[in-house]
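What's counted below: heavy atoms across the whole structure, side chains too, no hydrogens, waters or symmetry copies. Quick caveat: nothing in here was measured; it's all calculated off a predicted structure. Counting starts at 1 for both ligands and their atoms, in listed order.
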Amino acid sequence: MKLKTTAEHLVYLLGQHGVEYLFLNPGTDTAPVQEAVYALAEAGLPAPTVLPSTFESVSLAAAHAYYKMTGRPQAVFVHVDAGTQNLGAQVHNVLRDRAGVIVIAGKTPYGEEAGSAGGRDTMIQWQQDVPDQPGVVRGYAKWIQEITRPEMLDRAIGRAVQVASSAPAGLAYLTVSRDVLMDPPRLDQSRVAGYAVPTPAAPDPAAVTRIAAALAAATTPVLITSRAGRTADGFAAVEALADLAGLPVTGRLEGGPVNISSRHPASLPGRADGAAAIAAADVLLIVESDVPWIPATVTLRDDVQVFHVDPDPAKASMPLWSFPVDHAVQADGPVALAAIAAELGRIADADPAVAQHLADRVAALRSRPVAPPQQAGSGPITPHAVMGALNEVIDPEDIVVEEAVTNSGIVYEALERTRPGTLAGPAAPGLGFGLGGSLGVKLARPDRRVIAITGDGSFLFGVPTSALMMAADWGTPFLAVILNNGGYRASRLPVYDLFPDGVSSQRGTAVGTRFSNAPDYPALAAACHAHGERVTKADDLVPALRRAVAAVDAGQAAVVECVIEQN
Ligand SMILES: Cc1ncc(C[n+]2csc(CCOP(=O)(O)OP(=O)(O)O)c2C)c(N)n1
Ligand SMILES: [Mg+2]
């Protein structure tokens with residue numbers, strides 16, 4: 001194998017470590033990498049597919065979403081400190097959603113003498129030399145490394161993939177200067193094998209027995225989970241335990257996965273229903289939920305037993321985290337849930353009284369009234385009407401990327417999502433995930449239709465010009481449904497809450513929260529090669545969405561602006 005530069009070795013190694021996509025925002029620092037991509041192709045050597053990006057936060061959201069769908073970290077190459085800064089709030093989302101991604105940033109060259117290969121040759125290379133480039137992501141990255149010598153490369157890339165993928169998964173940040181990328185590669189001791197990613201942790205058997213026994217004896221147990229449904233196995237385990245134990249399931253996270261079918265009798269998607277069930281619970285089983293309830297609004301029973309299962313139950317990345325926990329178990333949520341269900345099944349098999357008790361709880365859950373699916377209806381458009389129209393137009397297997405902010409609750413209550421893996425939001429509040437996230441989902445699941453449901457503010461945070469351009473470039477069309485309420489409702493309501501008699505309440509508005517010069521969204525879509533629609537009446541939702549879906553199915557991105565109440 002003939003590799004001429006460390007850059008060629010780097011790109012080659014990424015592929016050898018299972019990285020399928022390299023999202024690239026090039027700059028002066030990436031010249032050796034750009035040449036490497038063509039050189040490897042010319043030599044017929046395998047390498048990741050390079051996807052050109054025109055905004056870094058969009059590529060990071062795509063890599064984040066790709067990890068959510070596949071469990072495989074991808075690489076985002078950004079330009080020195082400036083490109084790292086443009087990753088923006090998406091580094092927060094990666095941390096909080098435990099997404100494995102590798103960010104590689106160029107570092108300004110060290111060499112400045114004449115003839116230094118890759119050394120400094122423009123003024124900006126002094127300007128790019130900042131005291132602490134990794135400091136930009138230090139509060140969010142799981143692991144940081146600079147590749148200072150060609151012989152480090154194997155270890156750096158192997159470790160980056162290993163660390164990014166290990167639970168809790170996260171951001172691995174590598175920097176490498178252009179002169180190191182130009183160095184001859186060190187292939188003599190190259191090793192790809194031996195960077196095993198730990199398998200998901202199984203729970204301590206004694207803890208499983210204790211939790212199963214508590215569930216067997218409980219009267220009003222509740223399962224709180226925000227992300228156990230992140231895998232198909234986890235989704236199955238949640239439903240199996242709910243079916244066996246008559247266990248209501250709450251704790252859904254805005255932008256989180258489908259943990260339980262919206263048609264399942266144990267599903268409690270409403271915040272108020274969830275809070276009431278938690279307050280009445282004698283046993284709380286928290287599985288992979290960072291914020292199981294809001295302490296200011298829920299008072300637990302004095303005799304409640306709280307079990308907490310998480311790959312990282314100490315949550316050291318959250319300085320203030322003081323939810324009361326009686327028994328903490330370090331384990332993968334889906335694995336633990338399956339083990340708990342199996343153990344509870346054994347207890348019930350051995351004790352008819354327990355079996356009867358569980359059957360009674362299941363019967364009580366099944367007797368709860370389940371509302372019929374939401375429909376579009378007619379009249380002015382409400383967020384409920386949009387969900388009703390989507391219920392009619394989209395397929396159960398379509399994947400919805402949710403970033404609906406103040407309408408997020410309505411998405412979970414009114415949009416039917418019955419299958420695992422059909423919801424994929426950021427699961428964290430750094431706005432701007434929706435569009436890039438949809439690109440990543442579509443890359444990972446080219447056979448599925450992808451639908452982003454975003455607020456108008458979130459749509460703009462998603463850098464739509466870049467994201468729609470990238471959808472056309474990458475061949476990853478998606479539908480963006482904008483819930484246009486004329487601005488930032490989420491930033492207005494807290495002003496009214498804190499100052500019910502304040503000036504803002506009296507004026508019926510709050511500074512900085514209404515868009516008076518919003519773009520013409522269908523025109524914006526058209527300018528970016530996408531199909532665009534504006535809908536103002538509920539009756540028109542279904543036909544407009546059908547036209548948009550047809551465009552997406554034919555390979556074009558689409559934007560449907562739904563004009564809803566500006567309250
Ligand atoms: C990157 C980023 N900037 C600012 C915020 C603060 N913020 C939270 S919600 C919100 C408004 C979102 O507007 P929109 O998507 O239209 O949803 P709406 O509130 O109208 O439902 C803002 C600005 C944030 N979460 N993330
Ligand atoms: Mg809005």
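Classification of R368 and D273 as a salt-bridged pair fails, no side-chain N sitting under 4.0 Å from a carboxylate O. We find that D290 and R96 are not joined by a salt bridge, their nearest charged nitrogen and carboxylate oxygen being 4.0 Å or further apart. The pair D332-R230 meets the salt-bridge criterion, with a side-chain N (NZ, NE, NH1 or NH2) lying under 4.0 Å from an Asp/Glu carboxylate O.
Ring planes of W321 and H308: parallel class, angle under 30° (limits at 30 and 60°).
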Could you list, one pair per line, each nitrogen or oxygen of ligand 1 together with any protein nitrogen or oxygen closer than 3.5 Å, giving atom names and the distance rounded to 0.1 Å?
| residue | atom | partner | partner atom | Å |
| --- | --- | --- | --- | --- |
| ligand 1 | 15 (O) | G457 | N | 3.4 |
| ligand 1 | 15 (O) | S458 | N | 2.8 |
| ligand 1 | 15 (O) | S458 | OG | 2.7 |
| ligand 1 | 16 (O) | D456 | N | 3.3 |
| ligand 1 | 16 (O) | D456 | OD1 | 2.6 |
| ligand 1 | 16 (O) | G457 | N | 2.7 |
| ligand 1 | 16 (O) | G487 | O | 2.9 |
| ligand 1 | 19 (O) | R489 | N | 3.1 |
| ligand 1 | 19 (O) | A490 | N | 2.6 |
| ligand 1 | 20 (O) | N485 | OD1 | 3.0 |
| ligand 1 | 20 (O) | N485 | ND2 | 2.9 |
| ligand 1 | 20 (O) | G487 | O | 2.8 |
| ligand 1 | 20 (O) | R489 | N | 3.0 |
| ligand 1 | 21 (O) | T406 | N | 3.1 |
| ligand 1 | 21 (O) | T406 | OG1 | 2.5 |
| ligand 1 | 25 (N) | P429 | O | 2.8 |
| ligand 1 | 26 (N) | L431 | N | 3.2 |

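Evaluation of the side chain to side chain donor-acceptor pair (under 3.5 Å) rule for T175 yields no partner, not counting sequence neighbours. For R514, the salt bridge (charged side-chain N to carboxylate O under 4.0 Å, His left out) test picks out no residue, with sequence neighbours left out.
Here F461 and F433 keep their ring centres 6.0 angstrom or further from each other.
Defined by atom type and a distance below 3.5 Å, a donor-acceptor pair is present between the side-chain atoms of S408 and E402.
By the criterion of a separation under 2.8 Å, the protein N/O/S atoms near the Mg ion (ligand 2) amount to D456 OD1, N485 OD1, G487 O.
Results of the side-chain contact (heavy atoms from CB on, under 4.5 Å) test with V58 over N25, T465, L439 single out L439 as the only residue that passes.
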